[in-house]
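A note on names: the letters A, B, ... follow the listed sequences, proteins ahead of strands, and every chain is numbered from 1. Just so we're clear, the structure is a prediction, and the values are computed from it rather than from any experiment.
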Amino acid sequence: MEPLYNPGGVEERWQHTWEEEGLYNAEADDPREPFVICLPPPNVTDRLHMGHALNASAQDVLIRWHRMRDFNALWQPGYDHAGIALQNVMTRRLAAEGKSLKDVGREEFVQLCWDFIRDYGGQIMGQLRTLGASLDYRRHRFTMDEEYTRAVMRFFAHLYSKGYIYRGTRIVNWCSGCASTVSDLEVNHIEVDDTLTWIRYPLAEGDGHVTIATVRPPTMLADVAVAVHPDDERYRHLVGKEAIVPIAERAVPIIADERVDPEFGTGAVKITSGHDAMDWEIGRDHNLPEPMVIGLDGRMTAEAGELADLTQEEAEERIVARLEERGLLEKREPFRHSVGHCDRSGDRIEPLVLLQWWVEMEELAKPAIAALREGRVHTRPEQQTKVMLSYLENIRPWCISRQLWWGHRIPVWYCPDGHVTMAEGEPEACAECGSGELRQDEDVLDTWFSSALWPFATLGWPEQTPELETFYPGDVCSTGRDINFLWVSRMIWAGIEILGEPPFEWVNYHSMILATDGRRMSKSLGTGVDPTGLIAEHGADATRYGLLKMSSSQDVRFSPGAIEEGRKLANKLWNVSRLLLENAGGAKPGLRPQALEERWIVARLDSAQAQISEHLAQFEFAAATNVLYHLTFDDFCDWYAEAIKPRLYDGDEDAQATALANLERLLKLLHPVMPHVTEEIWSNLPDRQTRLIVAPWPEAAGAHDVELEFEPIQSAAEVFRRAGVRPTLNEEQERIFVSVVKPERVKVDGGNVEAEVERLRDEISRAEGMLANERFVRNAPEEVVAAEREKLERYRRELDALGN
RNA sequence: GGGCGGUUAGCUCAGUUGGGAGAGCACCAGCUCGACAAGCUGGGGGUCACUGGUUCGAGCCCAGUACCGCCCACCA
């Protein structure tokens with residue numbers, strides 16, 4: 001063993017060995033209790049980024065921990081086809097070649113997507129392997145695979161037959177950049193500087209007018225009403241009358257609706273059902289028509305008359321000029337408000353009224369709400385449950401059709417008479433009239449529609465496979481908050497709807513890792529840190545340790561020091577192992593603790609193990625790494641190993657055997673976080689029967705000497721003193737050791753007796769004050785009062801020892 | 001507009017029912033003898049954002065303020 005641990009080569013070797021020996025595999029006929037996590041499927045064209053690496057580290061710790069605890073641990077891998085994202089990539093590539101979608105046609109385009117995936121996709125699984133992620137790679141799934149597609153079709157058919165899926169004309173979010181609709185969840189509201197234009201609409205009868213304020217004058221050509229609040233005294237007399245929309249020169253009703261804010265603008269608002277979400281709702285409730293003057297390309301349509309084909313900006317200029325000529329323009333002023341933008345392309349969303357496919361969500365959400373409320377699904381951090389509930393309780397219909405070519409095509413066919421035939425496979429004839437002339441719906445399904453099935457479609461659903469039987473429902477979903485609604489909420493209701501129970505019991509939300517300056521990590525900002533670079537430079541173990549160490553219940557900044565710490569820990573462990581192994585004589589591991597410091601380290605290992613288990617069970621990975629760090633550095637290396645060194649050199653077989661047994665134990669506790677270095681050291685231990693990855697997690701604590709559970713370092717010295725042990729320490733350690741023989745001298749040796757006396761007097765008066773307080777003595781827990789009494793006595797003894 | 005989170009050492013962050021302010025890194029000093037200088041030991045350094053309240057006692061509980069971040073939303 002070399003003095004400096006070099007993860008390069010070692011890590012790859014173990015990754016290959018583990019996978020080749022089938023140690024990542026989980027089998028459906030394994031009788032042990034299953035433990036299942038589905039990897040959130042990365043986009044097939046993505047490369048590993050920090051979020052993937054952190055989340056994979058967390059999941060792998062849980063999987064490896066459970067595997068050692070004798071669970072049948074399945075970590076399910078796979079990819080998502082990333083509908084809009086990949087379509088946009090491909091569209092840009094075509095454009096770079098001077099081609100458009102129309103030039104290549106649908107069939108060829110889809111083939112190009114598959115080619116692209118074959119050539120450039122599917123890289124993350126390889127990158128996850130270099131992280132040591134123990135996924136069952138044999139079970140890899142892709143949402144566009146034939147089998148998975150069958151599941152998507154069945155899911156559609158199921159929801160369609162129960163009436164949850166329907167086709168309807170409603171207001172949608174149209175993204176001109178993607179040339180598709182997107183769901184409400186894919187729209188970001190961003191503050192923009194705009195202009196608010198105040199326009200006079202003359203009354204149809206008489207001379208008066210009503211002034212409205214709008215940020216989008218061109219849409220006035222599609223106005224269908226003017227609305228005011230029903231309680232607004234200023235306008236009550238006008239409700240039921242008509243106003244003339246200028247330029248369009250149409251009369252529209254003046255209506256009353258409570259959704260109008262009387263405080264805003266003049267308190268009167270133009271209603272444009274075809275181009276605004278709230279107007280659309282008001283329009284539906286008042287049975288108003290839904291004309292449109294803006295087309296799919298964002299330009300004015302023929303309905304706009306002489307303004308047809310103009311851009312909205314051009315149309316606005318013309319309209320404002322005309323209004324001014326006629327004296328109907330009251331004023332224009334700067335106005336800042338939030339406007340929907342496409343999450344994918346960044347383009348401004350155009351609300352349009354289109355015929356699309358929808359999922360009616362209200363009924364489907366109810367069992368998911370119940371599952372969250374009843375604690376059948378828990379979240380970490382817990383507050384996220386509230387967030388999820390408020391989303392589900394206010395859920396709205398989900399637009400699932402996309403005007404794309406890359407994705408699962410909607411399994412619906414139309415005959416020339418307009419009859420609708422839904423079929424999981426291609427039908428031969430119209431279900432209604434028998435016509436053989438069928439045309440399939442052109443649209444594909446929202447990518448998230450297929451992602452919702454991930455926990456069971458990956459297991460073979462709709463077939464009743466052994467995998468489905470054994471591995472559903474799973475246990476943990478670990479993910480970022482950014483896809484909470486898009487993915488997690490949908491898996492929950494879909495799982496309950498299809499299989500009767502939620503797909504997992506726990507949802508763990510990991511930190512978002514920000515750049516060191518607090519900005520988002522992003523390629524375009526140049527703030528990204530590449531985790532594969534960290535792995536190459538510091539090793540996978542150090543990277544895993546570092547990411548888990550810096551993770552938290554909230555978002556955190558990237559900390560290079562945490563990775564460095566991981567590297568030091570691996571090196572420290574490596575070197576203490578060298579010490580123990582190279583001085584083990586012919587001893588075989590066996591726990592024969594005789595000296596007090598040996599019983600002490602067993603107690604420390606027990607105690608640390610209990611803490612680690614508790615932290616992992618609560619998804620507190622940073623706390624677990626902290627325990628591991630101090631256990632290894634302080635307790636195991638700096639005190640225990642130092643203390644037994646002389647006996648190791650002297651060839652004391654009991655000490656050697658015990659040291660190896662304790663090392664074994666330490667390696668097991670570290671393995672889930674740092675699998676490679678621990679497996680490598682493990683392979684150097686004598687008489688290994690199994691790999692560490694499948695070695696049993698140590699027996700539960702309980703056998704150790706309870707009275708030895710002191711705090712680490714000081715207590716070690718205390719233990720040595722009581723044991724009469726005089727380990728060979730260096731001069732500094734010797735000084736501490738001696739000082740601990742008389743604990744009251746520790747601080748005084750530093751020189752400042754007066755300050756120490758003062759401190760003790762303060763402490764004594766504080767403790768006396770508390771104990772003299774009847775309410776404290778009466779109300780505080782007994783242990784707290786007793787602890788206070790003990791402290792008081794100790795302080796008094798220490799003060800006496802100082803001669804005061 | 002609604003909701004959630006944050007503000008603790010130079011930096012990144014812990015701090016579990018209220019009871020002696022912590023870790024890692026960085027910095028300083030010493031040690032460096034047969035695992036490791038990517039080591040060991042020690043040290044300096046904090047008005048726990050601010051104001052008020054509850055309490056014998058508040059980083060922690062309550063009310064409010066400021067600043068930062070995130071999510072949701074039909075602010076025309």
5' precedence on RNA chain B between Asn575(A) and Thr516(A) (nearest-nucleotide basis) =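 Checking each residue's closest nucleotide, the 5'-ward one belongs to Thr516(A).
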Nearest nucleotide by nearest heavy atom, which residue falls closer to the 5' end of RNA chain B, Gln383(A) or Arg578(A)?
->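 Final value for this comparison: Gln383(A).
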So what's [N] paired with, Watson-Crick or G-U wobble, going by both distances under 3.5 Å?
{"N": "rC4(B)", "result": "rG69(B)"}
{"N": "rG64(B)", "result": "rC50(B)"}
{"N": "rA38(B)", "result": "none"}
{"N": "rA23(B)", "result": "rU12(B)"}

Tyr649(A) aromatic ring stacked with six-membered ring of rG34(B), 5.5 Å and 30° |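 Ring-base stacking flag set for Tyr649(A) and rG34(B).
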Rounded to the Å, how far apart are [X] [atom1] and [N] [atom2]?
{"X": "Arg557(A)", "N": "rG6(B)", "atom1": "CZ", "atom2": "C1'", "result": "11 Å"}
{"X": "Leu569(A)", "N": "rG39(B)", "atom1": "CG", "atom2": "P", "result": "12 Å"}
{"X": "Phe621(A)", "N": "rC13(B)", "atom1": "CZ", "atom2": "P", "result": "19 Å"}
{"X": "Glu642(A)", "N": "rG34(B)", "atom1": "CD", "atom2": "C1'", "result": "11 Å"}
{"X": "Tyr640(A)", "N": "rA35(B)", "atom1": "OH", "atom2": "P", "result": "16 Å"}
{"X": "Gln618(A)", "N": "rG15(B)", "atom1": "CD", "atom2": "P", "result": "13 Å"}
{"X": "Met512(A)", "N": "rU12(B)", "atom1": "CE", "atom2": "P", "result": "20 Å"}
{"X": "Leu548(A)", "N": "rA14(B)", "atom1": "CG", "atom2": "C1'", "result": "15 Å"}

Does Lys572(A) have a side-chain nitrogen or oxygen under 4.0 Å from the phosphate oxygens OP1 or OP2 of rC40(B)?
->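 Indeed, a polar side-chain atom of Lys572(A) lies that close.
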Would you say rA35(B) has OP1 or OP2 under 4.0 Å from some side-chain N or O of Ser577(A)?
->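 Answer is no, no contact under 4.0 Å.
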Parallel, tilted or perpendicular, as decided by the 30° and 60° cut-offs, for the rings of Tyr391(A) and Phe485(A) |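 Parallel, since the angle between the ring planes stays under 30°.
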Please work out whether the ring planes of Phe633(A) and Tyr629(A) are parallel, tilted or perpendicular, with thresholds of 30° and 60°.
->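 Phe633(A) vs Tyr629(A) ring planes: parallel.
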Close side-chain approach of [X] to [Y], heavy-atom, < 4.5 Å:
{"X": "Arg200(A)", "Y": "Ile212(A)", "answer": "no"}
{"X": "Cys399(A)", "Y": "Thr181(A)", "answer": "yes"}
{"X": "Asp652(A)", "Y": "Gln656(A)", "answer": "no"}
{"X": "Leu666(A)", "Y": "Leu628(A)", "answer": "no"}
{"X": "Leu196(A)", "Y": "Arg332(A)", "answer": "no"}

Do Gln554(A) and rA14(B) share a donor-acceptor pair, side chain to base, under 3.5 Å?
->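 Absent.
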If we take the [atom1] atom in both [N] and [M], what is their distance in whole Å?
{"N": "rG34(B)", "M": "rC40(B)", "atom1": "C1'", "answer": "15 Å"}
{"N": "rC75(B)", "M": "rG1(B)", "atom1": "P", "answer": "12 Å"}
{"N": "rG22(B)", "M": "rA14(B)", "atom1": "C1'", "answer": "7 Å"}
{"N": "rG57(B)", "M": "rG18(B)", "atom1": "C1'", "answer": "8 Å"}
{"N": "rU12(B)", "M": "rC74(B)", "atom1": "C1'", "answer": "42 Å"}
{"N": "rC50(B)", "M": "rU8(B)", "atom1": "C1'", "answer": "15 Å"}
{"N": "rG46(B)", "M": "rA9(B)", "atom1": "C1'", "answer": "5 Å"}
{"N": "rG59(B)", "M": "rC13(B)", "atom1": "C1'", "answer": "15 Å"}

Cationic tip of Arg604(A) above Trp639(A) ring, under 6.0 Å, 45° of axis =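 Negative - Arg604(A) is either too far from the ring of Trp639(A) or too far off its axis.
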Readout for nucleotides 66-76 of chain B: B = base within 4.0 Å of protein heavy atom, S = sugar-phosphate only, - = neither; 5' to 3' it is -----SSBBBB
Encode nucleotides 23-29 of chain B as B, S and - characters from 5' to 3', where the letter depends on protein heavy atoms closer than 4.0 Å: B to the base, S only to sugar-phosphate, - to neither.
-> SSS----
How would you label the contact of Leu4(A) with the nucleic acid (heavy atoms, under 4.0 Å): base, sugar-phosphate, or nothing?
->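 Here Leu4(A) touches the bases of the nucleic acid.
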Answer with base, sugar-phosphate or nothing: what part of the nucleic acid does Phe633(A) contact at a heavy-atom distance below 4.0 Å?
->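 Since only primed, P, OP1 and OP2 atoms lie under 4.0 Å of Phe633(A), the category is sugar-phosphate.
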Do we see a donor-acceptor contact under 3.5 Å between the side chains of [X] and [Y]?
{"X": "Gln611(A)", "Y": "Glu620(A)", "answer": "no"}
{"X": "Asn583(A)", "Y": "Tyr649(A)", "answer": "no"}
{"X": "Asn188(A)", "Y": "His341(A)", "answer": "no"}

Evaluate the criterion side-chain contact (heavy atoms from CB on, under 4.5 Å) for residue pair Val187(A) and Val182(A); output intermediate values, then yes/no.
-> CA-CA 7 Å; Val187(A) 175; Val182(A) 295; 4.0 Å; yes
